Amino acid sequence: MDRRDQMIIEELQKDSSLSQRELAEKVNLSQNACWRRLQNLREAGVIEGSTVRLNREKLGLGLVVFMMVKTRHHSSDWLKTFRRTVLNVPDVIDFFRIGGEYDYMIKVITEDMNSYDQVYQRLISAVELDSVTSYFSMEAIAEQRPLKLG
């Protein structure tokens, strides 16, 4: 991946709705050259689709919660059940296995505290967890920032 590929990715991270012509102009390439590079980046797995950023507040999704989970269980059966349970909750936006004091971090975006409690109840009724500590976001200072390249 060279600097021109990085420029294409940087522009798409800012606005993935750019037309082929607009993107080519921004990175100073012909449309055909830009298209070939874009196809190569997709085929290499560097670009994995494109998404739309939504304004969660305008959609009534005003509560962001970071669930920190500890468990005593690490068997493959428990892990399969836990992963399946978490991934079947539509309010779960991000889900990480982490190192440190906690074993997992789950980011939940939902309507309100009652909706979050339903997520919490669903998780604790499906799998045994040692502890769950929830942190509630008061303000999103930086969210969905572009990845640093090069």
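In this chain, residues are counted from 1 in sequence order. Note that the structure is predicted; figures quoted are calculated from it, not measured.
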Residue pairs meeting salt bridge (Lys or Arg N to Asp or Glu O under 4.0 Å), one or both in residues 50-69, sequence neighbours left out, come to Arg56-Glu143

For Arg72, the side-chain contact (heavy atoms from CB on, under 4.5 Å) test, sequence neighbours excluded, returns Glu128, Asp130

By side-chain contact (heavy atoms from CB on, under 4.5 Å), Gln13 pairs with (sequence neighbours left out) Ile9, Pro146, Leu147, Leu149

The complete set of salt bridge (Lys or Arg N to Asp or Glu O under 4.0 Å) pairs with one or both residues in residues 79-91, sequence neighbours excluded, reads none

Trp35 meets the side-chain contact (heavy atoms from CB on, under 4.5 Å) criterion, sequence neighbours left out, with Gln20, Gln39

When Arg3, Lys148, Arg4 are each screened for salt bridge (charged side-chain N to carboxylate O under 4.0 Å, His left out) with Glu10, the one that passes is Arg3

Under 3.5 Å, which donor-acceptor pairs do the side chains of residues 25-32 form with other protein atoms, sequence neighbours left out?
unit_1 : atom_1 : unit_2 : atom_2 : d
Glu25  : OE2    : Arg21  : NH1    : 3.1
Ser30  : OG     : Ala33  : N      : 3.1

Quick note, ring-ring contact (aromatic ring centres under 6.0 Å, His included) partners involving residues 131-150, not counting sequence neighbours, are Tyr116-Phe136

For a 4.5 angstrom cut-off between non-hydrogen side-chain atoms, does Leu129 reach Val127?
yes

*Taking the six-membered ring where the residue is Trp, are the ring centres of Phe82 and Phe95 under 6.0 Å apart?*
yes

Report task. Taking the side chain as every heavy atom from C-beta outward, state whether Leu23 and Leu12 have any atom pair closer than 4.5 Å. Result -> yes

Applying salt bridge (Lys or Arg N to Asp or Glu O under 4.0 Å) to Arg145 and not counting sequence neighbours gives none

If we only count heavy atoms from C-beta on, is the Val132 to Leu123 side-chain gap below 4.5 Å? no

message = Counting only heavy atoms not in Gln121 (residues, nucleotides, ligands), do more than 12 fall under 6.0 Å from its CD?
response = yes

Side chains of Ile98 and Met68: does their closest heavy-atom pair fall under 4.5 Å?
yes

Residues at least two apart in sequence or cross-chain that pass side chain to side chain donor-acceptor pair (under 3.5 Å) with Ser115, listed by chain then number, are Glu111, Asp112

Please answer whether the main-chain N or O of Thr51 pairs with a side-chain N or O of Ser16 as donor and acceptor at a distance below 3.5 Å. yes

Could you tell me whether the side chain of Thr85 and the main chain of Thr81 form a donor-acceptor pair under 3.5 Å? yes

For residues 27-37, the salt bridge (Lys or Arg N to Asp or Glu O under 4.0 Å) pairs (sequence neighbours left out) are Asp2-Arg37, Asp5-Arg37

The side-chain contact (heavy atoms from CB on, under 4.5 Å) partners of Asp77 (sequence neighbours excluded) come to Ser75

Residues 95-106 vs salt bridge (Lys or Arg N to Asp or Glu O under 4.0 Å), sequence neighbours excluded, gives Lys70-Glu101

